[in-house]
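Right, one structure below, let's go through it.
Just so you know, ligand 1 is whichever comes first in the structure, and atom 1 is the first atom listed for that ligand. We number each residue from 1, following the sequence as shown.
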Amino acid sequence: MAAGKGTRLKSKHPKVLHEVGGKPILAHVIATAKQIVPAGDIFVIIGHEAERVREAVAGAGVNFVLQAEQRGTGHALMVARDALSGNRYDQIIVLSGDAPLITAETVRQLSDFHTAQKAAMTLLSADLDNPYGYGRVLRKGARADQRAEVQAIVEEKSATPRQKNIREINSGFYAFAAPALYGHIDRLSTENAHGEYYLTDMAEVFQRAGKKVVAMKTSDAGEVLGSNTRAEMMVLDARMRMAKCRALLEEGVTIFYPHTCVIDSDVEVGADTVIEPFVQLLGKTKIGEDCRIRSYSVIGNSVLGDRVTVKPGTIMQDSRVGTGAILGPYTHMRPGSEVGEGAHLGNFVETKKIKLGKGSKANHLSYLGDAEIGEGVNIGAGTITCNYDGVNKHKTVIEDGAFIGSDATLVAPVKIGRRSYVGAASCITEDVPEDALALGRARQSVKEGWARAKRDAQKDQHR
Ligand code: UD1
Ligand code: CA
């Protein structure tokens, strides 16, 4: 179920597209579902901002059901009737699109428990210290026998003060016997605090019809937490990221002060890599073994080889780095930067869409954009590729072994031949052949005694 708006978030964006652990909440839930059944048997109920939601998770290969008007969780399942009963499923597992920590293992247990109990409806429940906001599970019988069948689920808004003290909550995850669900779902009504069709009311509907409703209580209450508010969402995000750090530690990665690091769910890091405090590794970033990622570096969707050193404050997006390269401090690698084996990019060097060959170096204060730079090239401090003429972008080619003096401006399109030298402070507008020296600067002139003469003239004025 992913059709709701998420009113309590006060957001322009649909709730299920808010991100925790670096990807949409719904994407996590779908990933879990795919561990249980094939994508073709997953139906995502969308409604609020349906097209945006569909687009965001379309890659998962799942089916979509449109709930154009969102009249409650029960209504969501009513709308899915044709899609689901057409397929003659025995069992329907309902997952809440806003509870991303759920694991496949728990859902499988729920499904097995449901089958073993021969129930019409089985809900996943949990004991929470603070059950506020969740539906409470009312068990049958005078005493709240934890093994008794479920009488009803009562929502926070409709609960009596006594019911509010119940700590066993409904997680929003269910298993239903498909024929029973669609045989009885039309008995739901909108006579409740919200005027909506509540899926939770199916418990009472089944009870009245003499059908069995049970609850399976999970021991890990953390897994079922929902994200109705930003505060809840941040709790989920922190849990997910801590779990990610723990998994990486387990795989042999060192992470200092892991609670200060932001590492997205899909990131991969090789053994013996060291991650210092306050590092962000985002998206589909993949880091090799024996690397050191120093503090305040932000690396998004990039691939780093083994033994790469990333010094503090380096920012990198959609880039690739070869084995043994050294980056930073304060290198800014924009999309499409490819740094070869053992190459160096130093402080305040900005790159965009470049290839930097094996062992080449640009250690200080440069802009290198739309450039193909060979192997063993030395780029002096302050070198700029002038890649943009105000309308189009042009390419700079620097061949193997070239030496670019400090403060050179290379006006693209331009090519510097193999092993050539470009004199410091040159403005290069024409191609330089192999093994040449290119100078593009004014010849220095010296006026002997000029300063002394100026001082003497000023003294005369003040006399
Ligand atoms: C729901 C349960 C509550 C449970 C809690 C667990 C009901 C009535 N209440 O409350 O007992 O403790 O989850 O987190 O079900 N949705 C639709 N269509 C709709 C309405 C909602 O698809 O018309 C989707 C939402 O996008 C969301 C999910 O269903 O992913 C749950 O809806 P939400 O409004 O978050 O329910 P809660 O108030 O949290
Ligand atoms: Ca919810």
Side-chain angles (χ1 to χ4, degrees), residues 1-9 11 13-18 20 24-30 32-33 43-50 52-54 57 64-80 83 94-102 121 123-128 130-138 150 152-159 163-164 166-174 176 185 188-205 213 215 217-218 221-233 235-236:
M1 297 184 293
K5 178 168 192 270
T7 311
R8 290 159 279 189
L9 293 176
S11 174
H13 315 292
K15 168 158 69 177
V16 295
L17 292 191
H18 278 253
V20 301
I25 295 176
L26 178 59
H28 290 281
V29 179
I30 291 175
T32 300
F43 296 80
V44 181
I45 302 172
I46 53 175
H48 179 71
E49 294 261 24
R52 274 185 67 191
V53 177
R54 189 199 297 263
V57 297
F64 294 93
V65 171
L66 183 67
Q67 184 193 13
E69 218 186 315
Q70 296 91 54
R71 302 177 63 195
T73 46
H75 182 247
L77 268 287
M78 290 177 183
V79 170
V94 177
L95 307 180
S96 210
D98 71 343
L101 297 182
I102 192 74
M121 171 181 187
L123 58 100
L124 181 69
S125 74
D127 282 334
L128 292 190
N130 177 14
Y132 178 82
Y134 289 89
R136 309 298 206 283
V137 179
L138 307 190
V150 172
I153 298 164
V154 31
E155 293 301 304
E156 178 78 36
K157 283 236 164 113
S158 334
Q163 290 168 336
K164 282 184 182 166
I166 298 173
R167 289 177 46 225
E168 186 181 19
I169 61 102
N170 166 38
S171 67
F173 294 93
Y174 317 84
F176 288 98
I185 199 167
L188 287 179
S189 83
T190 54
E191 274 152 38
N192 53 46
H194 273 94
E196 289 184 352
Y197 293 105
Y198 281 173
L199 188 59
T200 46
D201 286 344
M202 283 309 296
E204 236 178 314
V205 167
V213 182
K217 196 189 282 184
T218 169
E223 272 189 31
V224 304
L225 297 175
S227 51
N228 290 337
T229 64
R230 302 255 179 182
E232 286 175 351
M233 215 167 255
V235 170
L236 300 187

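- Annotation: side chain of Asn228 is in contact with side chain of Lys15 (closest heavy-atom distance under 4.5 Å).
- Nearest protein neighbour of atom 13 (O) of ligand 1, counting heavy atoms only, is Gly172 CA, 4.4 Å.
- Contact annotation for Ala99 and ligand 1: no heavy atom of the residue comes within less than 4.0 Å of the ligand.
- For Glu155, every heavy-atom contact with ligand 1 shorter than 4.0 Å involves the side chain, none the backbone.
- In this structure the side chain of Arg136 never reaches within 4.5 angstrom of the side chain of Ile153, judged on heavy atoms.
- Side-chain contact between Val213 and Met202: absent, with no pair of heavy atoms (C-beta onward) separated by less than 4.5 Å.
- Taking every heavy atom of both residues into account, Val154 and Ala159 meet most closely at CG2-CA, 3.4 Å.
- The heavy atom nearest to atom 38 (O) of ligand 1, out of those in Glu156, Met1, Arg8, Met78, is found in Arg8.
- In terms of protein heavy-atom proximity, atom 6 (C) of ligand 1 is closest to Ser171 O, 3.3 Å.
- The Ca ion (ligand 2) forms the vertex of an angle spanning OD2 of Asp98 and OD1 of Asn228; to the nearest 10 degrees it equals 80°.
- Checked against Val44 for a side-chain contact (heavy atoms from CB on, under 4.5 Å), the options Leu95, Val16, Leu26 give a single hit: Leu26.
- In this structure, Gly74 and Ile185 approach most closely via the heavy-atom pair O-CD1, 3.7 Å.
- Polar contact check, Thr200 against ligand 1: no nitrogen or oxygen pair lies under 3.5 Å apart.
- Note that CZ of Phe173 is 13.0 Å distant from OG of Ser125, once rounded to the nearest 0.5 Å.
- Taking a cut-off of under 4.0 Å to the non-hydrogen atoms of Lys15, the atoms of ligand 1 that pass are 35 (O).
- A 4.5 Å side-chain heavy-atom check between Ser11 and His18 finds at least one atom pair inside the cut-off.
- Given atom 22 (O) of ligand 1, the protein heavy atom at minimum distance is Ala3 N, 2.9 Å.
- At a 4.0 Å cut-off, not a single heavy atom of Gly47 sits close enough to ligand 1 to count as contact.
- Polar contact check, Gly4 against ligand 1: a nitrogen or oxygen pair lies under 3.5 Å apart.
- The closest side-chain donor-acceptor pair between His48 and Gln70, if any, does not fall under 3.5 angstrom.
- In summary, the atoms of ligand 1 found under 4.0 Å from a heavy atom of Gly97, numbered by their order in the structure, are 30 (O).
- Close approach to Gly135 involves these atoms of ligand 1, each under 4.0 Å from a residue heavy atom: 3 (C), 4 (C), 11 (O), 12 (O).
- Looking at ligand 1, you won't find any N or O of Tyr198 less than 3.5 Å from one of its N or O atoms.
- The nearest protein heavy atom to atom 1 (C) of ligand 1 is not closer than 4.0 Å.
- By the 4.5 Å heavy-atom criterion applied to side chains, Leu128 and Arg167 are not counted as neighbours.
- Only the side chain of Asn228 comes within contact range of ligand 1, with a heavy atom under 4.0 Å; no backbone atom does.
- For ligand 1, the atoms sitting less than 4.0 Å from at least one non-hydrogen atom of Ser96 are 28 (C), 31 (C), numbered in the order shown with element in parentheses.
- Taking any N or O of Gly72, backbone or side chain, at least one lies under 3.5 Å from an N or O belonging to ligand 1.
- Residue-level proximity to ligand 1 for Gln67 is carried by the side chain, the only part with a heavy atom below 4.0 angstrom.
- With a 4.5 Å cut-off on side-chain heavy atoms, Leu225 and Tyr134 count as touching.
- At a 4.0 Å heavy-atom cut-off, ligand 1 touches Arg71 through the backbone alone.
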Tyr174/Asn170 under side chain to side chain donor-acceptor pair (under 3.5 Å): CA gap, chis, key distance, verdict: CA-CA 9 Å; Tyr174 317 84; Asn170 166 38; 2.9 Å; yes
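- Looking from atom 4 (C) of ligand 1 to the surrounding protein, the closest heavy atom is Asn170 O, 3.2 Å.
- You'll find the side chain of Arg230 stays beyond 4.5 Å of the side chain of Arg8, heavy atoms only.
- If you check which protein heavy atom lies closest to atom 32 (O) of ligand 1, you get Thr73 CG2, 3.9 Å.
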